[in-house]
Amino acid sequence: RSSDLTMVVLSTGGPVNGFTLDPNVGEFLLTHENMRIKSRGKIFSINEAYTKYWDAGLLEYIKQCKFPPGDKAPYNARYIGSMVADVHRTLVYGGIFMYPAHSKSPNGKLRLLYECNPMAYLVEKAGGKATDGHQRILDICPTSIHQRSGCYLGSPEDVDDLLACLKKGAADAPK
């Protein structure tokens, strides 16, 4: 027996709800009502193959995830490589999804209008935060339909910690 699952997660302006396809009746049933992201998670999701292109602030944040001070447990690294799957896991279990702009792709890789914005909308409606590292994703005024952006989203405390590292990294960078 397969454990495949088809799910639709949506918000029409109110709470975020998840509907799972019941193949026996051919309908989507409400299975996850009023989804809320945890204030802090234990998982970070990023493609570490691009580490050499990251700025100092992002490097520091990942270091803190892997080597936290004191007796705190390190975060688990999970990266599927599919934004939908990675963000779904982040929504359900908390943590942070990151697809940063970096020196090789200074404008980011994800498309603002049809990748970043829909996920940012759902995460924010579920109580999380979404940013490009400088401003809230949903506050970015698009200039083209295929405009690219960096994207960080997830549990609000995790996103705040990331933003603090990015801000410190930018302040410490040579001018």
Side-chain angles (χ1 to χ4, degrees), residues 7 9 11 15-16 18 32 34-112 115-140 148-175:
M7 190 170 187
V9 177
S11 172
V16 176
H32 296 73
N34 192 22
M35 296 174 77
R36 302 295 298 167
I37 195 165
K38 294 178 180 179
S39 61
R40 180 176 296 283
K42 299 177 182 176
I43 300 169
F44 73 93
S45 179
I46 192 168
N47 184 351
E48 293 190 78
Y50 294 105
T51 302
K52 78 180 214 172
Y53 304 114
W54 296 345
D55 64 28
L58 181 55
L59 288 168
E60 177 58 29
Y61 179 73
I62 298 300
K63 179 181 170 192
Q64 289 178 19
C65 287
K66 292 179 175 185
F67 305 99
D71 293 338
K72 291 174 67 176
Y75 275 46
N76 293 304
R78 298 285 182 268
Y79 183 73
I80 297 168
S82 162
M83 184 187 196
V84 171
D86 283 318
V87 173
H88 182 263
R89 183 197 49 249
T90 302
L91 188 60
V92 172
Y93 297 109
I96 187 166
F97 168 83
M98 298 170 278
Y99 209 115
H102 50 68
S103 64
K104 191 172 178 184
S105 296
N107 295 321
K109 297 273 289 201
L110 296 177
R111 302 313 200 294
L112 176 65
E115 291 173 318
C116 300
N117 278 348
M119 296 301 171
Y121 179 80
L122 288 175
V123 167
E124 285 191 7
K125 286 294 182 183
K129 289 187 175 182
T131 178
D132 68 351
H134 305 286
Q135 63 183 320
R136 184 174 166 253
I137 291 280
L138 296 176
D139 286 342
I140 299 171
R148 296 176 187 267
S149 177
C151 184
Y152 305 94
L153 48 82
S155 297
E157 293 177 22
D158 292 319
V159 174
D160 287 343
D161 289 349
L162 166 77
L163 288 171
C165 287
L166 294 177
K167 184 176 180 180
K168 183 177 184 322
D172 293 346
K175 305 292 186 243

State, yes or no, whether a side-chain contact exists between Lys52 and Lys104 at a heavy-atom distance under 4.5 Å.
-> no

Residue pair Ser11, Leu122: steps toward the side-chain contact (heavy atoms from CB on, under 4.5 Å) verdict | CA-CA 7 Å; Ser11 172; Leu122 288 175; 4.1 Å; yes

Has the side chain of Thr90 got a donor or acceptor atom that lies under 3.5 Å from a matching backbone atom of Asp86?
-> yes

Nearest heavy-atom approach of Tyr99 to Leu110 is CB-CD1, 3.6 Å

Verify whether one side chain among Arg89 and Ser45 offers a donor that lies under 3.5 Å from an acceptor in the other.
-> yes

Considering residues, nucleotides and ligands other than Tyr121, do more than 12 of their heavy atoms fall under 6.0 Å from its OH?
-> yes

For side-chain contact (heavy atoms from CB on, under 4.5 Å), just list the numbers for Leu163 and Tyr152, CA-CA rounded to whole Å, side-chain angles, deciding distance to a tenth of an Å, and then say yes or no.
-> CA-CA 9 Å; Leu163 288 171; Tyr152 305 94; 5.9 Å; no

How many angstroms lie between CZ in Arg111 and SG in Cys116, if you round to the nearest 0.5 Å?
-> 10.0 Å

With a 4.5 Å limit on heavy-atom distance, are the side chains of Lys38 and Glu157 in contact?
-> no

What's the spacing between Ile37 CD1 and Lys125 NZ if we round to 0.5 Å?
-> 15.0 Å

How about Met98 and Ile96: do any of their side-chain heavy atoms sit closer than 4.5 Å?
-> yes

Is Ser39 close to Ser155 at the side-chain level, that is, under 4.5 Å between some pair of heavy atoms?
-> no

Salt bridge or not for Lys129 and Asp158, using N-O below 4.0 Å?
-> no

For His32 and Met35, indicate whether the former's side chain and the latter's backbone hold a donor-acceptor pair under 3.5 Å.
-> no

Nearest-0.5 Å distance that lies between atom NE2 in His88 and atom CE in Met7 | 4.0 Å

Evaluate the side-chain proximity of Leu166 to Thr131: yes if any heavy-atom separation is below 4.5 Å, no if none is.
-> no

Return the minimal non-hydrogen interatomic distance between Gly108 and Ala101, and the atom names on each side.
-> N-CB, 3.5 Å

Please report the closest heavy-atom contact between Pro156 and Gly128, naming both atoms and the distance.
-> CD-CA, 4.0 Å

How far apart are the C-alpha atoms of Asn107 and Ser149, what are their side-chain angles, what is the distance that settles it, and do they pass the side-chain contact (heavy atoms from CB on, under 4.5 Å) test?
-> CA-CA 5 Å; Asn107 295 321; Ser149 177; over 6 Å; no

Return the orientation label for the Phe44 and Tyr75 ring planes: parallel under 30°, perpendicular over 60°, tilted otherwise.
-> tilted

Can you check whether Pro69 reaches Gln64 side chain to side chain, under 4.5 Å on heavy atoms?
-> no

Is Asn34 reaching over with its side chain to a backbone N or O of Val16, donor-acceptor style, under 3.5 angstrom?
-> no

Min side-chain heavy-atom separation Val84-Met119 under 4.5 Å = yes

What's the shortest heavy-atom distance between Gly150 and Ile137, and which atoms?
-> O-CD1, 3.6 Å

Tell me, do Thr51 and Ile62 make a side-chain contact under 4.5 Å, heavy atoms counted?
-> no

Looking at CG of Asp132 and CG of Asp139, how far apart are the two atoms once the value is rounded to the nearest 0.5 Å?
-> 10.0 Å

Does the side-chain contact (heavy atoms from CB on, under 4.5 Å) test come out yes or no for Ile140 and Leu112, once each step is laid out?
-> CA-CA 8 Å; Ile140 299 171; Leu112 176 65; 3.5 Å; yes

Look up atom OH in Tyr50 and atom NE2 in His102, then write down how far apart they are to the nearest 0.5 Å.
-> 6.0 Å

Could you state the interatomic distance from CD1 (Ile46) to OH (Tyr61), rounded to the nearest 0.5 Å?
-> 9.5 Å

Other residues, nucleotides, ligands: >12 heavy atoms within 6.0 Å of Tyr93 OH | no

Salt bridge (Lys or Arg N to Asp or Glu O under 4.0 Å) pairs, two or more places apart, involving residues 64-84 = Glu48-Lys66

